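This is the structure I have questions about; it appears just below.
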Amino acid sequence: MSRDNFEWLNVPVEEAARRLLGCELEREIAGETLRVRIVETEAYDQADEASHTYRGPTVRNAAMFRGAGHAYVYFIHGIHHCLNVVTGVEGYGSGVLIRAAEPVTGLELMAERRGKGGIELTNGPGKICQALDIDLTLSGHSLGRPPLRLIKRPPLPADQVIATRRVGISKAVNELRRFYIAGNPFVSKK
DNA sequence: GAAAAGATCTTCT
DNA sequence: GAAGATCTTTTCC
């Protein structure tokens with residue numbers, strides 16, 4: 001199928017989560033282009049008790065087993081969607097949750113969709129999906145093609161990347177698998 | 001300003 | 001039947 005070049009994501013999830021910082025997501029909606037820059041990520045893989053893939057493949061998480069460069073979208077708490085970038089080899093359930101991003105283009109459309117502006121546009125997993133109109137129909141989508149593309153950027157200097165504990169989970173809480181860009185205002189609090 | 005609860009769907013126990 | 005990789009609004013200091 002896709003021969004898109006996502007070999008740079010075919011690495012352990014923690015490394016992939018670091019590499020995704022600073023990369024951009026481009027979303028096309030009805031001829032309009034929205035773009036955001038990733039500023040906060042969290043790593044999940046099959047050996048991780050907090051991961052959806054911990055207990056093996058299911059209908060819901062199948063996209064996470066499809067290999068690096070796919071999107072995995074899930075629906076949470078009956079209200080919100082969350083976007084993951086799948087990493088690693090096909091058949092191994094690993095991926096990176098996009099927790100926060102910084103708007104680059106299409107600010108007005110995002111604000112319109114969110115009903116808010118400024119820092120509240122994309123500083124959380126569910127907020128990004130609402131701002132970019134991401135839903136379950138994009139789960140399993142290849143990120144090499146429209147309407148949702150992942151754009152690689154040069155890696156950040158190591159001293160700009162901070163590793164901390166993850167947010168909003170109740171298992172494996174002490175793992176340092178959340179990464180964010182130091183000093184960026186769009187990184188979610190806590 | 002901080003804390004708590006509500007909204008509401010899928011999956012697994 | 002319960003809990004969840006969340007966000008918003010309300011309530012009480």
Side-chain angles (χ1 to χ4, degrees), chain A residues 9 12-21 23 25 27 36 38-66 68 70-88 92-103 109-141 143 148 150 161-181 184-190:
Chain A
L9 287 177
V13 274
E14 298 183 19
E15 175 63 22
R18 287 178 179 274
R19 293 186 185 186
L20 280 166
L21 289 177
C23 295
L25 282 169
R27 170 76 163 125
V36 297
I38 299 169
V39 300
E40 181 181 356
T41 59
E42 282 184 3
Y44 291 89
D45 71 13
Q46 210 166 341
D48 180 358
E49 201 180 358
S51 171
H52 289 168
T53 60
Y54 181 60
R55 297 172 197 216
T58 65
V59 175
R60 175 221 216 173
N61 66 25
M64 267 185 102
F65 291 83
R66 294 187 59 181
H70 291 269
Y72 165 52
V73 181
Y74 66 91
F75 199 40
I76 191 71
H77 287 68
I79 297 197
H80 299 288
H81 301 276
C82 292
L83 172 65
N84 296 249
V85 175
V86 179
T87 67
Y92 185 72
S94 63
V96 176
L97 170 69
I98 308 303
R99 273 203 68 83
E102 172 179 58
L109 278 173
M110 293 186 209
E112 193 175 321
R113 189 166 288 285
R114 289 271 303 121
K116 304 229 173 193
I119 209 77
E120 297 291 325
L121 274 181
T122 51
N123 64 339
K127 300 178 186 180
I128 295 172
C129 290
Q130 188 183 1
L132 299 185
D133 195 28
I134 290 169
D135 62 21
L136 292 180
T137 63
L138 286 172
S139 194
H141 173 76
L143 290 171
L148 182 63
L150 177 64
V161 179
I162 312 281
T164 66
R165 289 171 300 186
R166 288 175 291 188
V167 175
I169 58 175
S170 56
K171 305 195 170 188
V173 174
N174 290 322
E175 301 285 326
L176 296 181
R177 287 186 157 188
R178 171 180 174 231
F179 305 93
Y180 63 90
I181 299 178
N184 189 288
F186 283 87
V187 172
S188 52
K189 323 307 197 236
K190 293 185 201 172

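Below, chains carry the letters A, B, ... as their sequence lines are ordered, and counting in each starts from 1. Keep in mind it's a predicted model, so treat the numbers as computed, not measured.
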Under 4.0 angstrom between S170(A) side-chain N/O and dA3(C) OP1 or OP2: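 No, because none of the side-chain N or O atoms of S170(A) sits under 4.0 Å from OP1 or OP2 of dA3(C).
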
d(CD, E120(A); C1', dT8(C)) in whole Å: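 It works out to 10 Å between those atoms.
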
I128(A) CD1 to dC7(C) C1', straight-line distance once rounded to whole Å: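 After rounding, the gap between these two atoms is 13 Å.
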
Spacing of I79(A) atom CD1 relative to dT8(C) atom P, expressed in whole Å: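 Those two atoms, CD1 and P, are 10 Å apart.
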
Charged N-O contact under 4.0 Å between E15(A) and R19(A):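 Yes, E15(A) and R19(A) are salt-bridged.
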
Sugar-phosphate only, base, or nothing, as touched by I169(A) at under 4.0 Å among non-hydrogen atoms: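 Sugar-phosphate contact only - I169(A) comes under 4.0 Å of backbone atoms but never of a base.
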
H52(A) side-chain N/O to dA5(C) phosphate OP1/OP2 under 4.0 Å: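 The answer is yes; a side-chain N or O of H52(A) sits under 4.0 Å from OP1 or OP2.
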
Nearest-neighbour nucleotide for the P125(A) side chain, dC7(C), dA5(C), dT8(C) considered: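 Closest of the options to the side chain of P125(A): dC7(C).
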
Between P of dT6(C) and CZ of R178(A), the distance in whole Å: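 Nearest whole value for this atom pair: 11 Å.
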
Donor-acceptor contact below 3.5 Å, side chain R166(A) vs main chain A43(A):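 Yes.
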
For V39(A), the option from N123(A), V187(A), I98(A) that meets side-chain contact (heavy atoms from CB on, under 4.5 Å):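 Single side-chain contact (heavy atoms from CB on, under 4.5 Å) partner of V39(A) among N123(A), V187(A), I98(A): V187(A).
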
K116(A) NZ - dT8(C) C1' separation (whole Å):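 Value for this atom pair: 7 Å.
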
Exam field: side chain R66(A) to backbone G140(A), donor-acceptor pair closer than 3.5 Å: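 Judged by distance alone, yes, a pair lies under 3.5 Å.
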
Touch class at under 4.0 angstrom, heavy-atom based, for R55(A) against every strand present: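 Sugar-phosphate, no base atom in range.
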
Interatomic distance at P, dA2(C) relative to dG6(B), whole Å: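 Straight-line distance between the two P atoms is 16 Å.
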
Aro-ring/base stack H77(A)-dA7(B), d under 5.5 Å, angle under 30°: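 So H77(A) does not count as stacking on the base.
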
Between P of dT11(B) and OH of Y72(A), the distance in whole Å: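 Those two atoms, OH and P, are 9 Å apart.
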
D135(A) CG - dT10(B) P separation (whole Å):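 Value for this atom pair: 13 Å.
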
Earlier contact from the 5' end, DNA chain B, for L136(A) and H80(A):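 Per heavy-atom nearest nucleotide, the more 5' residue is H80(A).
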
Salt-bridge criterion met for R178(A) and E40(A) (N-O under 4.0 Å):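 Salt bridge flag = yes for E40(A) with R178(A).
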
DNA chain C: 5'-proximal contact among R114(A) and K171(A) (nearest heavy atom):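 Its nucleotide being nearer the 5' end, the pick is K171(A).
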
Rounded interatomic separation in angstrom, taking NE2 from H81(A) and P from dT8(B):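 It is 14 Å, rounded to the nearest whole Å.
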
Base paired to dC12(C) (Watson-Crick or G-U; both N/O distances under 3.5 angstrom):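 Matched dC12(C) with dG1(B) under the 3.5 Å cut-off.
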
Aro-ring/base stack Y44(A)-dA5(C), d under 5.5 Å, angle under 30°: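 Y44(A) ring centre within cut-off of dA5(C) base, planes near parallel; stacks.
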
